[in-house]
Amino acid sequence: MSTSPTASPFCQPKAVWAVAFACVISFMGIGLVDPILPALAQQLAATPAQVSLLFTSYLLITAVAMLVTGWVSSRIGAKATLLTGLSIIVVFAALAGASGSIGEIVAFRAGWGLGNALFIATSLAVIVASASGGFAGAIILYETALGVGIALGPLVGGLLGSVSWRAPFFGVAVLMAIALIATLVLLDKTPRPATKIGLLDPIRALRHRGLATIAVTAFAYNWGFFTLLAYSPYSMGDLSELGLGAVFTAWGVLVAIFAVFVAPALERRFGTVRVLYHVLGLLAVDLLVIAVWNDTPGVVIGAVIVAGAMIGLNNTLVTQAVMSVAPVARPVASASYSFVRFLGGGLAPWIAGLLAEAFLPDTPFWVGAVVVAVGILVLSTAHRLLRAVETGEDAETVEETEPDDAPRPVLVAVDGAPQAPAVAAAGGRLAVMLDAPLVVVHVPERALVADAAADDGAGGALDRSLAAAREARGAGAPVTSETLAPVGTHGDVGGELVAVARRHHARAVVVGRPRGGALAALVAPSADRALWTRGPCPVVVVPDGTDPVDPVVPSEPAVPAAR
């Protein structure tokens, strides 16, 4: 199941470049309107609070739509979802450019947000599914597209906005139409995922304390982020559209550099928790600087540019933290987290405008700094949980969840290996001994991310494993199965199996012999090591050569996991 990517992440098929290009244009939309905010307010006789609704409608609809994107894409497939999202963006960006009032633009930006949610929810999955050079190379390509889009958005917005405030919207529509055609022609049809996501799954996932805590932290961080993004242009003096575009381009360059290059290095050196505390604190201080010197454009401009470094670090580390602690499948965790954080980003610009009109122009930044500081306090409530994930401590310290009343099952992990039916049969016999349900977890050889299908071509092997498990379990005994949440490397497989075991409150996990031997598994970043060091229950290892019908079962049903 391991991959060893050696090829350059930038040597990719045309289909990958088509989707990556669409990613750049999509992420450009975040900062595209910043340089034209004052011009919109002036030319359309709107207040800053009304203009800020361009962010609010866009992000609130994106937040709500995140709850249904998994449900949609798990039924129609990743490519169809991607094309639907691109089509919606093209239509509503063009309609925004043709609008005659600020209310119309706000409404059409909401439609744009729906398309953007469908697109960003599946674009990474499609890139990884089609990319050459392995998972790591695909992630580098995706993060590069994100960084380029964030950096170019304000520049393109400033250049086109100097011609007309309508031009940026029409520009996005044209570029997205090109990306839509390229994606339609160059990208092969993607299979539908084996597991469908329920409409309420992302909401139910927020029951888990770790996921909910970090999602609320992200809400607070995004409040500060979008207060700065949406309202700081009014405190930069009389800068032209080109001038504002230059400021936010410099900001976007720092976002990209710190997200792609600096965040991973700091995380490796100091750990996610420590870096997050410091970065959130620095962002709060940065907002305080803007609040205190709100009538000094030079200070505001410098503070906005510097904030790009903090925002880039947070974008990477907060997302990584939520994926580390979430005890649910990654697509569901991503939808839950995105829903909460985009709510913060959507509400902040609107509230900022109302505060500035009711009090003083610096009030939104004082409030933003306080909200980010509250986010630090919220994060501290999950300190032990995050540290436990980083250090691989016992699962009891990682997530305090209440077990269901249902009997605790035995989990058996199988892939397409010849030994898989024997492993499944051993799991079935152990389930009989423990009088427990049996869950067969399919581990795909080709692991993808998000909600793309993960198909290793081992459907026949999986059927044989299920048949062996049912035969060992006995006629009429329940045997359920699920496909492992798509992941990136062999090492990640263990982490996902740990998450599945916690979610089911498993009594034991049955696996095949570690590839390379037990000692190699303990010292290498492998699936086996993750299970043994972080698993919440005993691990039973089935040796090679075991016959599927051989009643060889460990004499002690609860074999202790090596910790």
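Between V275 and E267 there is no side-chain heavy-atom pair separated by less than 4.5 Å. Counting heavy atoms from C-beta outward, T480 and V440 have side chains that stay 4.5 Å or more apart. Counting only heavy atoms from C-beta outward, the side chains of V509 and C537 approach each other to under 4.5 Å. Taking the side chain as every heavy atom from C-beta outward, L379 and T213 never approach each other to under 4.5 Å. Counting only heavy atoms from C-beta outward, the side chains of P409 and H504 approach each other to under 4.5 Å. Contact of the T272 side chain with the L276 side chain is registered, since non-hydrogen atoms from C-beta on lie closer than 4.5 Å. A heavy-atom distance below 4.5 Å is not found between the side chains of V148 and F21. Contact annotation: the side chain of V410 approaches that of L434 to within less than 4.5 Å [non-hydrogen atoms, C-beta and beyond].
To the nearest 0.5 angstrom, L60 atom CG is 11.0 Å from F342 atom CZ. A distance of 11.5 Å separates CD1 of I88 from CE of M176, quoted to the nearest 0.5 Å. In this structure, S336 OG and H208 NE2 are separated by 9.0 Å, a value rounded to the nearest 0.5 Å. Y277 OH to L317 CG: the interatomic distance, rounded to the nearest 0.5 Å, is 13.5 Å. Here the CG atom belonging to L86 is positioned 11.0 Å from the OG1 atom belonging to T81, to the nearest 0.5 angstrom. Between atom OG of residue S338 and atom CG of residue N222 there is a gap of 9.5 Å, rounded to the nearest 0.5 Å.
The backbone N or O of A506 sits less than 3.5 Å from a side-chain atom of R408, completing a donor-acceptor pair. Of the possible donor and acceptor atoms, none in the side chain of N116 sits under 3.5 Å from a partner among the backbone N and O of W112. The closest donor-acceptor contact from the side chain of R209 to the backbone of T381 lies under 3.5 Å. At distances below 3.5 Å, at least one donor-acceptor pair connects side-chain atoms of Q419 with backbone N or O atoms of P543.
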Going through the checks in order, is the side chain to side chain contact (heavy atoms under 4.5 Å, CB included) test met by L266 and R269?
CA-CA 5 Å; L266 290 178; R269 177 67 177 85; 5.5 Å; no
Test L280 against V318 for side chain to side chain contact (heavy atoms under 4.5 Å, CB included), laying out the working first.
CA-CA 10 Å; L280 288 170; V318 174; 5.6 Å; no
Let me see the working for S481 and V439 under side chain to side chain contact (heavy atoms under 4.5 Å, CB included), right down to the final yes or no.
CA-CA 5 Å; S481 66; V439 178; over 6 Å; no
When you look at V412 and V441, which way does the side chain to side chain contact (heavy atoms under 4.5 Å, CB included) test go after all the steps?
CA-CA 6 Å; V412 55; V441 182; over 6 Å; no
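A pairwise comparison of heavy atoms in T183 and K79 identifies O-CE, 3.9 Å as the closest pair. Residues V541 and G512 share a closest heavy-atom pair of CG1-O, 3.8 Å. Closest approach of S26 to Y58, counting heavy atoms only: O-OH, 4.4 Å. Here the closest non-hydrogen pair linking L430 and A508 is CD2-CB, 4.1 Å. In this structure, S123 and V19 approach most closely via the heavy-atom pair O-CG1, 4.0 Å. The two residues G427 and V510 come nearest to each other via the heavy atoms CA-CG2, 3.9 Å.
Among R429, R470, R473, the one residue that satisfies the side chain to side chain contact (heavy atoms under 4.5 Å, CB included) test with L438 is R473. For the side chain to side chain contact (heavy atoms under 4.5 Å, CB included) test with L118, the passing option among L83, T84, T62 is T84; the others fail. Just one of V279, T217, V255 meets the side chain to side chain contact (heavy atoms under 4.5 Å, CB included) condition when paired with N314; it is V279.
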Which pairs would a plain distance check flag for residues 199-206, meaning a side-chain donor or acceptor within less than 3.5 Å of a matching protein atom at least two apart in sequence or in another chain?
| residue | atom | partner | partner atom | Å |
| --- | --- | --- | --- | --- |
| D201 | OD1 | R204 | NH1 | 3.2 |
| D201 | OD2 | G198 | N | 2.9 |

